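Contents: one structure, followed by commentary.
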Amino acid sequence: MSGVTGVTGSSGVFEVLRDRLRAQQPTALATVIDGPDPGRKLLVTPAEVLGTLGHAELDRIVARDALAELEAGRSGIRHYGPEGQTTPEDLVDAPTLAVFVESWSPPPQMWIFGAVDFTAALSRVAKVLGYRVIVCDAREIFATRRRFPAADEVVVSWPGGLFERRGDQLGQRDAVAILTHDPKFDVPAVQGALATRVGYIGVMGSRTTHAKRVERLRDVGVTDEELARLMSPIGLDLGARTPEETAISICAEIIARRTGRAAPSLRDADGPIHS
Amino acid sequence: MRELLDDIDRWRADGKRVAVARVVDILGSGPREPGAAMAVNEAGEVAGSVSGGCVEGAVVSEALGLLHGERGPGIVTFGYSDDEAFAVGLTCGGTIRLFIEALDW
């Protein structure tokens with residue numbers, strides 16, 4: 001138990017949670033929501049466990065599950081026996097506890113290549129959606145904080161350098177948008193993105209530009225399987241014209257790819273809106 | 001929860017007791033995901049939201065009841081599909097379950 005104390009009777013769990021949320025550190029909080037003692041807490045981080053749900057074995061099992069939820073960025077209810085039992089046979093005679101596991105993962109990242117007007121608009125829309133936005137361009141006079149005030153970071157670098165240094169941070173929830181239009185930049189940016197586990201790679205350009213780019217990418221050894229990961233031309237077919245509209249069409253495509261939807265209008269479909 | 005922290009800190013610095021309600025489950029259509037949270041202090045001030053404005057008023061009543069010792073921590077259900085559910089529901093027809101508790105941990 002932490003030594004921090006707050007208002008009367010505080011265990012210090014809230015203070016640790018608060019500080020970790022502010023610092024955007026990965027944290028899960030398990031709370032007994034149904035059972036003999038609702039409200040008991042276990043705070044779980046990749047490094048430590050704080051508090052108790054009332055039984056050491058229960059704590060151990062819930063901590064294990066909470067770490068998995070944290071990795072997946074999921075929150076939800078799980079059921080356990082009072083001593084951490086999880087199998088249906090174990091739970092037949094044991095009264096069950098319902099535990100709400102809430103997880104807070106660091107925000108997803110969007111890396112945008114090319115210091116152009118489309119990038120300024122996309123960085124604004126991406127911020128609305130909660131991304132940590134990194135803008136990258138090799139040209140120092142264009143890649144400035146003043147031109148991209150919404151971005152969390154503006155990096156002056158060739159794409160390859162950024163991917164080499166930090167590409168291993170990218171995962172399924174993250175996105176790379178390559179808006180440069182210039183083969184000098186976009187070929188190494190695409191190669192760099194393909195070498196990561198990033199969930200979305202969008203590349204701007206007309207169909208003609210895309211066809212030429214595909215040739216160049218094949219020349220440097222990019223395979224058909226890798227090319228299939230690219231969303232190019234980038235964005236949903238909304239008829240977007242302005243940088244702002246294009247930014248919406250790119251972000252809408254990222255959402256649709258994540259949810260696996262074809263993205264028609266809700267009016268013209270059946271079935272539940274959320275699933 | 002993150003968006004509530006500044007208000008919670010300020011209220012607790014003023015010595016006010018605080019209740020927190022978090023969405024733990026959604027059945028059917030619902031406007032917010034599990035984890036959506038609101039906080040209510042003993043003076044009835046509110047931060048955050050748990051739906052599109054459909055059930056917040058009822059949550060404040062439950063939270064004040066909790067802070068005044070009229071109920072304990074536990075699950076509160078809003079929606080039309082459950083006999084035990086409150087009369088207030090979500091306009092989108094779903095059922096929402098919240099866990100409400102005092103922030104004393």
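The basis for the numbers below is simple: all heavy atoms, side chains too, and nothing from hydrogens, waters or symmetry mates. Please read these numbers as outputs of a predicted model, since none were measured by experiment. By convention in this document, chain letters (A, B, ...) are assigned in the order of the sequence lines, proteins followed by strands, and residues within each chain are numbered from 1.
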Rounded to the nearest 0.5 Å, how far does CD of A/E102 lie from CE of B/M1?
6.0 Å
Which portion of B/V18 sits near chain A, non-hydrogen atoms under 4.5 angstrom:
neither
Could you have a look at A/V101, A/L21, A/L29 and say which one has the most heavy-atom pairs with chain B under 4.5 angstrom?
A/L21
Can you tell me if A/D270 has over 12 outside heavy atoms packed within less than 6.0 Å of its CG?
no
With a 4.5 angstrom heavy-atom cut-off, which part of A/V32 approaches chain B: side chain, backbone, both or neither?
backbone
Check the pair A/E15, B/R12 against salt bridge (Lys or Arg N to Asp or Glu O under 4.0 Å), reporting the backbone distance first and the verdict last.
CA-CA 12 Å; A/E15 282 73 13; B/R12 301 215 313 175; 2.6 Å; yes
Heavy atoms of other groups near A/D237 CG, more than 12 under 6.0 Å:
no
What's the shortest heavy-atom distance between A/I33 and B/V24, and which atoms?
CD1-CG2, 3.9 Å
Are there residues of residues 4-11 of chain B that reach to under 4.5 Å of chain A by heavy atoms, and which ones?
B/L5, B/D6, B/I8, B/D9
Whether over 12 other heavy atoms sit under 6.0 Å from A/E57 CD:
yes
Where B/W105 and A/F14 come nearest, the two heavy atoms and their spacing
O-CB, 3.3 Å
Can you give me the closest heavy-atom contact between B/G35 and A/F100, atom names plus distance?
N-CZ, 3.8 Å
Please check if atom CZ in A/R257 has more than 12 non-hydrogen atoms from other residues, nucleotides or ligands closer than 6.0 Å.
no
With a sphere of 6.0 Å drawn around CZ of A/R197, does it hold more than 12 non-hydrogen atoms of other residues, nucleotides or ligands?
no
Listed partners of B/E101 passing salt bridge (Lys or Arg N to Asp or Glu O under 4.0 Å), at least two apart:
A/K41, B/R22
